[in-house]
Engineer: 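The structure's right below; bear with me while I get my questions together.
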Amino acid sequence: MVVFVINCGSSSIKYQLIETESKKKLISGLVERIGAVTSIVKHEVPGFKPVKLTMALENHTQAITEIMNFLQNNEFNVISSLDEIKAVGHRVVHGGETFKDSVLIDDDVIHAIEEAIDLAPLHNPPNLKGIEAAQKAMPTIPHVAVFDTAFHHTLPAEAYLYAIPNRLYRRYKIRRYGFHGTSHYFVSRRYFSLNNLSRENTKIISCHLGNGSSICAIKDGYSVDTSMGFTPLAGLAMGTRTGDIDPSILFYLVEKEELSLKSLHELLNRHSGLLGLSGYAADMRDLINEMQNGDYRCKQAVDVYAYRIKQYIGNYMAVMNGCDAIVFTAGIGENSAFIREHVLANMEGLGIVLDKEANDNAGGKGEVLISAPESKIKVYVIPTNEELVIALDAAKIALAANQSPWI
Ligand code: AMP
């Protein structure tokens, strides 16, 4: 089945067309700066040079129309007609407590995603815009929502409850939700496949290290704890986000710098993390370069980043009473041998020994075992593929919907 996968930001749309039986990506692309005077559109068909265009796209509906026009571009032969697309899979960041799995989108689902806007004000509104625009463009095929939070619905109460008055959880649903669920799910399943395992009796720590970073403890195939929390601001230090900090710092800052709620939000989400610590960049490549040129603040930023990951690995080993494998994924996890080595240095006492050569040479090789033979805990690099999870879920749900007796 050919599935259109859509991931909408406030001014961007990332898309892929995936053939789910062969799991092949037919085309991928990105529209940026929607609503600006000039929008930037990129399409990549495997085997062809990427196409980069600029044009004025006022809203998400126009952007989706532009993508669909390109899909019909015969020069690339991606599909012969739009009728070949049988389902659309939408990435939705926050499903609140309602969604424990992907779902066929109907009015009730839209309503529930709207209800979760409070919990994800930056993410859910653009996700809804994408759904609306895509439904308009493809009204006759099933649309499926796949939630970043759903994989973490198995967290036990001791992992998801914050130590605040319980009525706040009951009234406002303030709890740990966790994010990057499709990525943690994907790499854990790839690990099972690579090792011919079923999920029972397995303990994995999955490290999704990208611009946004999170770690997940996965026991028997289920998420039992994860570093992001009520929002994606918690946990590890990230490109521009603080990760965990003492909440008292906020009161102190409000008093000292007379910050408004809005500027506090900006400070924690956009000016902190690697960027804030280094005063130089949020991008790990730039930081490692500058660090190697002797910049001590860039070195500190990299050290804080790696130290937090090490702490969480120890934390989750305690939670699961050990672990069989640690998996690194996403931009930094897949590409930075330096960060992987930094994180896992001096962990022989816990049974983790890296194979330096395998680690150094893992770049661009796909799924690679990078632990030494004597390491009790296996360490892998496994490239993530969130779009494939979305496409497969959408195909499964679309198929089930089409087979319903009343259709
Ligand atoms: P993502 O959000 O998964 O796209 O990851 C983005 C992050 O991956 C950025 O911080 C990039 O600097 C980082 N990244 C990509 N390639 C490398 C690399 N070769 N070495 C270090 N960091 C990298």
Side-chain angles (χ1 to χ4, degrees), residues 5 7-10 12-16 25 28-30 32 42 44 50 91 93 122-123 148 179-187 190 206-216 226-228 232-233 235-243 269-293 295 297-306 308-309 327-345 354 356 358-368 370 380-390:
V5 176
N7 180 356
C8 271
S10 54
S12 70
I13 298 181
K14 258 198 229 164
Y15 83 92
Q16 281 192 17
K25 178 169 75 176
S28 61
L30 173 66
E32 290 174 289
K42 273 186 247 163
E44 277 189 62
R91 176 193 182 209
V93 168
L122 299 180
H123 294 98
D148 265 32
F179 299 86
H180 293 142
T182 45
S183 178
H184 293 303
Y185 171 83
F186 178 81
V187 298
R190 286 305 308 151
S206 155
C207 307
H208 177 111
L209 310 179
N211 213 358
S213 299
S214 76
I215 303 208
C216 185
T226 189
S227 58
M228 283 180 169
L233 182 56
L236 302 174
M238 300 177 226
T240 60
R241 287 175 241 165
T242 51
N269 279 284
R270 299 200 196 282
H271 303 293
S272 297
L274 294 170
L275 176 65
L277 278 164
S278 66
Y280 177 69
D283 191 294
M284 187 56 83
R285 282 166 293 205
D286 298 341
L287 290 171
I288 293 175
N289 273 342
E290 277 315 287
M291 180 191 88
Q292 284 163 348
N293 290 336
D295 186 299
R297 286 213 290 167
C298 290
K299 178 176 179 335
Q300 277 181 340
V302 170
D303 288 347
V304 169
Y305 183 78
R308 288 269 181 100
I309 300 166
V327 179
F328 286 92
T329 195
I332 298 170
E334 290 167 29
N335 296 304
S336 180
F338 177 84
I339 290 293
R340 295 190 300 259
E341 185 176 344
H342 198 0
V343 167
L344 298 181
L354 208 58
K356 185 165 166 41
N359 183 46
D360 286 346
N361 295 320
K365 291 210 179 120
E367 298 168 333
V368 188
I370 57 168
Y380 279 91
V381 173
I382 300 184
T384 194
N385 194 342
E386 294 163 281
E387 290 79 11
L388 181 61
V389 176
I390 296 173

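In each ligand, atom 1 is the first atom listed, and ligand 1 is the first ligand listed. FYI, the numbering just counts along the sequence from 1.
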Engineer: In order of chain and number, which residues sit within 4.0 Å of ligand 1 by heavy atom?
Structural biologist: Gly210, Asn211, Asp283, Met284, Arg285, Ala330, Gly331, Ile332, Asn335, Ser336
Engineer: Taking NZ, NE, NH1 and NH2 as the nitrogens, is one of them in Glu341 or Lys356 under 4.0 Å from a carboxylate oxygen of the other?
Structural biologist: yes
Engineer: Report yes if the side chains of Lys42 and Pro50 come closer than 4.5 Å at any heavy-atom pair, otherwise no.
Structural biologist: no
Engineer: Is it the case that His180 and Ser213 place a side-chain donor and acceptor less than 3.5 Å from each other?
Structural biologist: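 No, because no side-chain N or O of His180 sits under 3.5 Å from a partner of the opposite role on Ser213.
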Engineer: Does some side-chain heavy atom of Leu287 sit less than 4.5 Å from a side-chain heavy atom of Tyr305?
Structural biologist: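 A side-chain contact is absent here, since even the closest heavy-atom pair is not under 4.5 Å.
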Engineer: Please tell me if the side chains of Met228 and His208 come closer than 4.5 Å, counting only heavy atoms from C-beta onward.
Structural biologist: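 Sidechains of His208 and Met228: no contact.
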Engineer: If the threshold is 4.0 Å, N to carboxylate O, is there a salt bridge linking Lys299 and Asp303?
Structural biologist: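 Here Lys299 pairs with Asp303 in a salt bridge, since their nearest N and O are under 4.0 Å apart.
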